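For reference, the structure discussed in these notes is given below.
Worth saying up front: this structure is predicted, and the values here are computed from it rather than measured. Below, each value reflects all heavy atoms present in this structure, side chains not excepted, and no hydrogens, waters or symmetry copies.
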Amino acid sequence: MKSFFLTSRFFLLATALIVGLVVAFFLPGWLTPVLLALGLGLGLTVVDTVLLYAGGGSVFGRRVMGDKLANGSDNDIAIYLENQYRFPVQTETIDEVPHQFQRRDVLFKTGIRPGETGIIRYQLRPTKRGEYEFGAVNVYVASPLGLVRRRFRFDDSRVVPVYPSFLQMRQYELLAIHNRLTEVGVKRIRRVGQSMEFEQIRPYVTGDDPRNINWKATARRAGTPGAADTLVVNHYQDERAQQVYCLIDKGRVMRMPFEGLSLLDYAINATLVVSNIALLKHDKAGLFTFSHQPGAMLPADRRSGHLRKLIEVLYRQKTKYLETDYERLYISVRSHIRQRSLLILFTNFETLHGMQRQLPYLRRMAKDHLLLVVFFENTELRSYLDGPTATTQDVYNQTVAEKFAQEKRQIVRELNRYGIHALLTAPQNLTVNTINKYLEFKARGLI
């Protein structure tokens, strides 16, 4: 009887019958109709129970999702319900999602005709990496009478890992393959000079630089059947096999949250996308993580399976509560990276003094490598600065906030003064802005 439930319709009917019996106590003439209604209600309840439990009918359900979820992205979840009864049913489906989501709205109502399959779709956005445990899919089924419900349970206890956002990585990968990165904010970089080697001619696609159109080849193709209106462009081969290392700070400064994700998770997601873009550009991608001591290290490579290793390493990274040791980072970089490389350092400097304490080590790394320091703009501070000022206290607070914002910009100027490239970005724009910098360096021939 654990699967047997009475519906709200049954309790409404029972309430009406009770009221009728009370009225019949004062008006004896009502007693017979009320008793007939009571018998009819009990009979319908029995019939409804027989319909749901007898005759071998049932509802089959299953949850369909990936083997892993992408952190910080909307992951599609689908529940398929197949009606094996001979009559239409009304279902209420409750999916027991992991407690990390803190959601109480995963209840879906739908009607399914006999022999048909209903599909319920929704999305989940995790904000932390790790293992998430899904419970059962509970399906409460009611017949057209709607007095009784029968519960079915499917897909008990499934553990799904949450990895860095491979969905975001695939999105950028597809756009890069079809030369459409400009659609997500990646700038079209003008190449300095013509240091790229000519590789081939190919048909023009949206997003190609019109200056690369080969008009002579296009004119020769004009006489070819089916190719009269096809433009062709010169395709140049980028300089290949350059090393691109992402250095991820795991210290306490990276624990700051933004829209549910920590700055570390933003850096990890951006690292995965930038590394994949570098591999598509035939460069080598590597990884360093660090905090008060050196963390994971993955040598730059571009062989098959390297991206999978990178994802697994990123999945296991966690923030630390201690101060970051840049001296140890410099020693590790000097020991393990012998070839001149692009180093993309993801960290967060809140004050100019905090950056100046690490400046000697940054200058040493910039002497041997092309160093890009990426740190984060305080977007909540920016929204506060753009807000209205109604009192003297508001003016004072905005003055202090402007001082902090100005100090961030001063950090950029100070790094540039010593030949260190700097990128101050909002967390939500981190991936796009970092890709823009990487492509800019490639176009300028700096790596």
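Side-chain contact of K109 with Q90: a donor-acceptor pair under 3.5 Å is absent, judged by distance alone.
Annotation: side-chain hydrogen bond (donor to acceptor under 3.5 Å, both in side chains) contacts of R308 (sequence neighbours excluded): none. Evaluation of the ring-ring contact (aromatic ring centres under 6.0 Å, His included) rule for Y315 yields Y163 as partners, not counting sequence neighbours. Listed by chain and residue number, nothing satisfies the salt bridge (charged side-chain N to carboxylate O under 4.0 Å, His left out) test with D48 (two or more places apart in sequence, or in another chain). Under the rule for a side-chain hydrogen bond (donor to acceptor under 3.5 Å, both in side chains), the partners of K408 that lie at least two apart in sequence or sit in another chain are N348. For the ring-ring contact (aromatic ring centres under 6.0 Å, His included) test, residues two or more places apart in sequence or in another chain that qualify with F290 are Y326. Residues satisfying the ring-ring contact (aromatic ring centres under 6.0 Å, His included) test with F441, not counting sequence neighbours, are H421. Legend: residues meeting ring-ring contact (aromatic ring centres under 6.0 Å, His included) with Y438, ordered by chain and number and at least two apart, are absent. E96 pairs by the side-chain hydrogen bond (donor to acceptor under 3.5 Å, both in side chains) definition with N138, not counting sequence neighbours. Scored by the side-chain hydrogen bond (donor to acceptor under 3.5 Å, both in side chains) test, N433 finds T425 as partners (sequence neighbours excluded).
Each side chain to side chain donor-acceptor pair (under 3.5 Å) pair with one or both residues in residues 13-42, not counting sequence neighbours, would appear here, but there are none. Sequence neighbours left out, the pairs with a member in residues 63-113 that pass ring-ring contact (aromatic ring centres under 6.0 Å, His included) are Y85-F87, F101-Y132, F108-Y122.
When the shell of 6.0 Å around CZ of R113 is examined, it contains 12 or fewer heavy atoms from other residues, nucleotides or ligands. Atom CG of D105 is surrounded by more than 12 heavy atoms from other residues, nucleotides or ligands within 6.0 Å. For R103, the CZ atom sits in a packed shell: over 12 heavy atoms of surrounding residues, nucleotides or ligands are nearer than 6.0 Å.
Note that R149 lies in the cation-pi zone of Y140, set by a 6.0 Å cut-off to the ring centre and a 45° limit from the axis.
Salt-bridge annotation for R252 and E323: present, with a side-chain N of the basic residue lying under 4.0 Å from a carboxylate O of the acidic one. With salt bridges taken as basic N to acidic carboxylate O contacts below 4.0 Å, none links D283 and R302.
Between M254 atom CE and I248 atom CD1 the span is 7.5 Å, to the nearest 0.5 Å. Separating the CG atom in L13 from the CG atom in L6 is a distance of 11.0 Å, to the nearest 0.5 Å.
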Cut-off 3.5 Å, no hydrogens considered: what does the side-chain donor-acceptor table look like for residues 52-65, sequence neighbours left out?
residue	atom	partner	partner atom	Å
Y53	OH	S3	O	3.0
Y53	OH	S3	OG	3.1
Y53	OH	F4	N	3.3
S58	OG	Q84	OE1	2.8
R63	NE	D95	OD1	3.3
R63	NE	D95	OD2	3.2
R63	NH2	D95	OD1	2.7
R63	NH2	G135	O	2.9

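When all heavy atoms of H306 and P299 are compared, the closest pair comes out as CE1-O, 3.2 Å.
Although no hydrogens or angles enter the test, the distance criterion places a donor-acceptor pair under 3.5 Å between the side chain of R129 and the main chain of L314. The backbone N or O of L145 sits less than 3.5 Å from a side-chain atom of S143, completing a donor-acceptor pair.
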